[in-house]
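Taking it in order: structure first as structure tokens, then the write-up.
None of the values given here were measured: they were computed from a predicted structure. Order of appearance sets the numbers: ligands from 1, and atoms from 1 within every ligand.
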Amino acid sequence: MTGADHGWRTLEIPIRPGAGTPTHCPWGHNLAVGGVRQSWSQDYRASEWLCEACHALPSRGGLWARIDPRPARHVTEDQVDEYGLRLVLLRPLTPAGIGSIQLRLGHTTFGEVQLSLCSIDRRAILVHVDIEEKHRRRGAGSVLVAAAAARGPRYQWTTLPIDRDPTSIAFWARTGAPGPAAPHPCTHQLEAKVVPADARWAKWW
Ligand SMILES: [Zn+2]
Ligand SMILES: [Zn+2]
């Protein structure tokens, strides 16, 4: 794969958020029992792991890549290059407004998470997560939610009410939200219109 490649990309190897050495594979195996092998994904520019317990089974699976969700690894638009899986930070226009983080590989954007952070009141609201339908179930959502949460450590997190469609419920049931689905905006976030009026009412019934 070269930098001149402008073709459509996929998340061929599934991803999960994390840094350092994993203790379990994404499919639940304790790696201390089954064994693990580490390599490097040239495509993602991230560490790649093979669960030997998974790989010994007939499906020969067990390969995944870990994407470091910490802010130090986020890049801004002017730092984006064509190499590797990137968490691209798009800052809000106003301090407590809605910003986003996109997961990209080359020219392909797999999805994004929208969030609002108020550093004065230390409140964070996860506004929306959207993964392109054809790239779902590869771990992009969990990487984006972890990247959002990592930007507001020790903040009081809430989320907008989650969609009640089966795909959305299954996603949040698997991934876990950073806070309760009852948005608790500060005055700056209200001014920035982070929470739509109908969502503010949702907590009353
Ligand atoms: Zn496994
Ligand atoms: Zn505030």
Point to revise | Residue Glu12 excluded, over 12 heavy atoms near CD under 6.0 Å | key: no
Review point. Would you say Cys51 reaches the Zn ion (ligand 1) with an N/O/S atom under 2.8 Å?
Key: yes
**Study point:** Charged N-O contact under 4.0 Å between Arg104 and Glu77
**Key:** yes
Exercise for review: Take the Zn ion (ligand 2) as the vertex and measure to OD2 of Asp121 and SG of Cys186; round to 10°.
Suggested key: 110°
Point to revise | Atom name, His188 (N, O or S, nearest to the Zn ion (ligand 2)) | key: ND1
Practice item. Could you tell me which N, O or S atom of His29 is nearest to the Zn ion (ligand 1)? Key: ND1
Practice item. Taking atom CD of Glu133 as the centre, report whether more than 12 heavy atoms of other residues, nucleotides or ligands fall under 6.0 Å from it. Key: no
**Study point:** N, O or S from Cys54 under 2.8 Å to the Zn ion (ligand 1)
**Key:** yes
Check your understanding: So does Arg91 have more than 12 non-hydrogen atoms from other groups sitting under 6.0 Å from CZ?
Key -> no
Check your understanding: Got more than 12 heavy atoms from elsewhere within 6.0 Å of CZ, Arg154?
Key -> no
